[in-house]
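Data block below; observations after.
Note that the numbering runs from 1 along the sequence shown for the chain. Only a predicted model underlies this, so the values are computations on that prediction, with no experimental measurement involved.
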Amino acid sequence: MKKIIQLSDLHIVPEGERVFGFDPLPRMQAVLKDIREKHSDADLCIITGDLTDKGDRTSYELLRNRLEGFPVQLCLMMGNHDRRQPFLDVFPATQVDSSGFIQYALDLGGHRVVVLDSLDEECPGSGFLCPQRLVWLDATLGEAPETPTIVALHHPPFDIGIEYFEYMLLTNGDELNDVLNRHPQVVHLTFGHVHLSVSGIKCGRSFTAARGTAHPIQFRQTQLEAYYIDRLPSYEVILFEENTVTVHHVQVCAGEQYVAREVAETDGSQGETEIYREV
């Protein structure tokens with residue numbers, strides 16, 4: 001089994017600045033601390049875009065400094081708030097394809113993760129996969145047709161039932177889906193962008209969206225407006241074993257305290273319990 005950690009939508013800004021009233025930096029740091037303490041054995045950590053809020057070099061440098069010494073292999077991806085050149089100036093070792101897009105495949109030993117660059121620098125919110133990127137994806141998936149694969153990108157490539165995001169999706173999601181349908185080894189699709197947790201099945205393929213570390217959105221199915229709410233930062237733990245993908249949503253609360261403990265018995269009955277405090 002492979003363990004993959006997913007963060008998304010960090011929206012890092014220079015110190016002292018805020019985004020929608022939130023300070024993104026301590027929220028990200030709380031998540032990184034939790035991962036270091038509990039999941040240093042993970043095989044990979046993907047950050048599915050919007051690494052910064054303005055795509056500026058100062059924020060990328062701040063991110064690089066905070067990620068220094070992180071115990072898990074990192075995979076940094078582009079979101080609509082990112083900019084490729086400032087990012088590559090600060091993270092020059094990042095892989096790019098032959099057209100200069102930040103997308104590549106990672107071999108996890110019998111499992112594979114393919115990350116896509118859905119950034120369209122001409123549009124403020126929506127994403128796009130040009131023909132070059134789709135051809136690259138088709139060829140890359142064709143290199144390992146028997147290897148179970150997760151595909152990750154920033155933008156949802158289809159409607160997720162929230163009107164606010166109707167004009168901020170991947171604009172050619174049907175073309176992406178056509179490519180994925182030619183490669184049945186793709187068992188799961190994961191993305192960010194929407195600042196709330198989403199999961200489901202599309203064309204027989206499971207998908208999840210990570211809520212992210214920055215400013216969470218309250219779920220509202222209709223209305224072209226978003227309400228940002230004070231909820232805990234979060235990340236996902238993806239357990240990937242052959243054709244089975246299990247995703248755990250983890251919220252991080254600094255200083256959280258145990259209330260009770262219970263030991264599971266192998267027959268399913270309640271085992272030894274211990275109450276630490278009452279709430």
- Stepwise salt bridge (Lys or Arg N to Asp or Glu O under 4.0 Å) check, Glu121 with Arg84: CA-CA 9 Å; Glu121 294 193 2; Arg84 292 186 192 90; 3.6 Å; yes
Any sub-3.5 Å donor-acceptor pair from [X]'s side-chain atoms to [Y]'s backbone N or O?
{"X": "Gln185", "Y": "Leu141", "result": "yes"}
{"X": "Arg36", "Y": "Val31", "result": "no"}
{"X": "His155", "Y": "Gly173", "result": "no"}

Do [X] and [Y] have side-chain atoms, one donor and one acceptor, less than 3.5 Å apart?
{"X": "His39", "Y": "Lys3", "result": "yes"}
{"X": "Asp50", "Y": "His193", "result": "no"}
{"X": "Thr208", "Y": "Glu236", "result": "no"}
{"X": "Asp89", "Y": "Gln85", "result": "yes"}

- Query: Salt bridge check: are Arg112 and Glu242 linked by an N-O gap of less than 4.0 Å?
  - Reply: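 Salt bridge between Arg112 and Glu242, a charged N being under 4.0 Å from a carboxylate O: no.
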- Message: Any salt bridge linking Glu68 with Arg64? Criterion: basic side-chain nitrogen under 4.0 Å from a carboxylate oxygen.
- Response: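 Not counted as a salt bridge, because no side-chain N and carboxylate O are separated by less than 4.0 Å.
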- Please determine if Arg220 forms a cation-pi arrangement with Tyr227, meaning its NZ or CZ atom is less than 6.0 Å from the six-membered ring centre and no more than 45° off the ring axis.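 The answer is yes; both the distance and angle limits are met.
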Is there side-chain contact between [X] and [Y], with at least one heavy-atom pair below 4.5 Å?
{"X": "Arg27", "Y": "Phe22", "result": "yes"}
{"X": "Tyr104", "Y": "Cys75", "result": "yes"}
{"X": "Thr52", "Y": "Leu62", "result": "no"}
{"X": "Leu180", "Y": "Val151", "result": "yes"}
{"X": "Met78", "Y": "Asp117", "result": "yes"}

- Plane angle bin for His195 and Tyr228 - parallel if under 30°, tilted between 30 and 60°, otherwise perpendicular: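 It falls in the perpendicular class, over 60°.
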- Worked verdict on Val237 versus Tyr235 for side-chain contact (heavy atoms from CB on, under 4.5 Å): CA-CA 7 Å; Val237 178; Tyr235 63 95; 3.7 Å; yes
- Query: Closest heavy-atom contact between His249 and Ser234?
  - Reply: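 His249 and Ser234 have their closest heavy atoms at CE1-OG, 3.2 Å.
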- Give the C-alpha distance, both sets of side-chain angles, the deciding distance and a yes or no for side-chain contact (heavy atoms from CB on, under 4.5 Å) between Leu134 and Asn172. CA-CA 10 Å; Leu134 290 171; Asn172 60 332; 3.9 Å; yes
- Only one of Asn80, Asp82, Thr48 clears side chain to side chain donor-acceptor pair (under 3.5 Å) with His154; which?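 Going through the options one by one, the only one that passes is Asn80.
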